[in-house]
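Quick notes on the structure that follows.
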Amino acid sequence: MKKLSIKWKVTLWYTGILAVILGFMFAAMISMLNETELSVTEEEIHGAVTGFLENITFADDTYYLDGDTDFYYEGVSFCIYDETGTRIHGNLPADFPENTVLWANRTRNIKADGKGWMVYDYLCEYSSGKTLWIRGTTSISNIENFMRVTIIISVIAFPVLILLIGMVGYFMIKKTLKPVDEICNAADIISGGRDLSKRLPEKKLEAEVRHLTNSFNEMFERLQQSFENEKQFTSDVSHELRTPLAIMISRCEDLLSGDKLSEEHKKDIEIILHQSRKMSKLVSQLLFMTREEKTIDTNTFEDIDLGMLLQMVSEEMQIEADKKSIVINTNIEENLMVHGEQTLLMRMAMNLIDNAIAYGRKGGNVFVEAYTEKDRVIGKVSDDGIGIAEEHLQKIWNRFYRADKSRSSEGTGLGLSMVRWIIDIHGGTIGVESKIGEGTQFYFRLPKGGRRNEADEIMIEHIRLLKR
Ligand code: ADP
């Protein structure tokens, strides 16, 4: 299961705790409100019954009821019962259960037919042993209705409030953690090797995050410095090796073209020549990579007809393909504009086609296709050669990785890493499909660029003429 992010964890914890606290507060508030309403009514009923007593006069072993006695006062109905529990004066409110037992000096809440009542029975002793009951009754349905509405409102308001608290909390946490997110994104970009010069913004940050940002920026600085030193070193070494290698190759070629050497020595010199050429290829690739990576500026990219470029490279590579009797077939749409750097795109095409020839079948075919699909230009280079085993497919993009070192002794293991880097800086993607013994297809996608310029049109005409 996917792990929750810190943002979600903190939001859930704090919303959960607040929900429990608020739940308790809501419940306590409702219960207190209910208690208060009932105790106010209780006091009112007590007061009303005490007031009602003033209508009764006790004298000569009996009692007298005022002639103008009112049996209803401010919502409270009064009844008088004799000592046997028989109602002798007053009426009970309609719907109030007649058979409710008398309970001396107790206030009770009674429920009957869905209606709520509060009843207070006052036992009044007069003369020796004679008693009289005064019952006060009032409806508490309005309190119950009020409490019902309050509970309904609370039940609706509670989740809305919790949702609101959760949302506000989430956005606050998100805002607080934004600099941390930025640090992570920058670290991702840098660790992916895409842009070592990127730094984290330092303005308007809280002290803790600023400290973290500074530390990261210092680390990135050191990282960039050490990468650049390494590149510089590779570039310098490659540059220094070029001349001695060129001399070695030309001397070997001279020796081989003459007839001073025995067959045995010729073979040795051929081996030296082969290895020197391989080394020379490696050195020029390293030099190309270090120089291009150092100087590349995407702002200088221009609109390039990729179709035309692929066509041109395919034609040039046919000479190499002829050595293995391979035919390079092209199926390239017209006007395939991309935004990029010509030298790099050319190098990308050359490396892919060169591999297709190197690992292709003798007398086989190489196919170069290109077309547009929505806002992308799709390119494909396929061969019917040896193929790549499943376990190598992910690794072939790594520098110096070679799937089968014995197959092509010319290989350096740098070609595809260069291809991927070129596609990457052009904002594209690249993939590979392969079956051992059947062949390999490399496919790449690049964002569509602008329109053809005049120079492109001249080149196209030139290619057309060459083809005839
Ligand atoms: P190399 O200089 O060895 O060709 P690359 O980086 O161009 O280096 O390729 C890496 C490895 O991927 C090669 O050594 C080879 O094993 C494999 N490979 C690349 N292209 C093909 C292809 N078209 N068919 C079969 N294997 C390939």
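As the structure is a prediction and not an experimental result, all values here were calculated from the model. Note that these values count all heavy atoms, side chains included, but never hydrogens, waters or copies made by symmetry. Every number for a ligand or one of its atoms is a count from 1 in the order of the listing.
For ligand 1, the polar-atom distance check against Gly415 finds a nitrogen or oxygen pair separated by under 3.5 Å. At under 3.5 Å, a nitrogen or oxygen of Gly413, whether backbone or side chain, sits near a nitrogen or oxygen of ligand 1. At a 3.5 angstrom cut-off on N or O pairs, Asp383 counts as close to ligand 1. On a distance-only criterion, Asn355 and ligand 1 share at least one N/O pair closer than 3.5 Å. In terms of N/O distances under 3.5 Å, ligand 1 is not approached by Tyr401. The distance criterion of under 3.5 Å between nitrogen or oxygen atoms is met by Ala403 with respect to ligand 1.
Using a 4.0 Å cut-off to heavy atoms of Arg402, the atoms of ligand 1 that qualify are 3 (O), 14 (O). Taking a cut-off of under 4.0 Å to the non-hydrogen atoms of Leu414, the atoms of ligand 1 that pass are 6 (O), 8 (O). Residue Thr412 approaches ligand 1 through these ligand atoms, each under 4.0 Å from one of its heavy atoms: 1 (P), 2 (O), 3 (O).
Side chains of Gln318 and Asp322: a donor-acceptor N/O pair is present below 3.5 angstrom, by distance only. There is a side-chain donor-acceptor pair under 3.5 Å between Asp236 and Gln232.
Annotation: the span from Arg347 atom CZ to Leu352 atom CG amounts to 12.0 Å, rounded to 0.5 Å. Atom CG of Leu309 is separated from atom CD1 of Ile332 by 9.5 Å, given to the nearest 0.5 angstrom.
Considering only heavy atoms from C-beta on, Leu255 stays 4.5 Å or farther from Lys260 through its side chain. At least one side-chain heavy atom of Met348 sits less than 4.5 Å from a side-chain heavy atom of Leu345. Looking at Phe367 and Val381, their side chains never come closer than 4.5 Å, going by heavy atoms from C-beta outward.
Judged by the shortest distance from any of its heavy atoms, Trp397 lies outside the 4.0 Å radius around the atoms of ligand 1. The shell of residues lying under 4.0 angstrom from ligand 1, judged by heavy atoms, excludes Gly385. Using a 4.0 Å heavy-atom cutoff, Asn351 is absent from the residues neighbouring ligand 1.
Checked by atom type and distance alone, the side chain of Glu333 pairs as donor or acceptor with a backbone atom of Thr372 at under 3.5 Å.
With a 4.0 Å heavy-atom cut-off, ligand 1 is reached by the backbone of Leu416 and by its side chain too.
The shortest non-hydrogen separation linking Thr138 to Gly75 is OG1-O, 3.0 Å.
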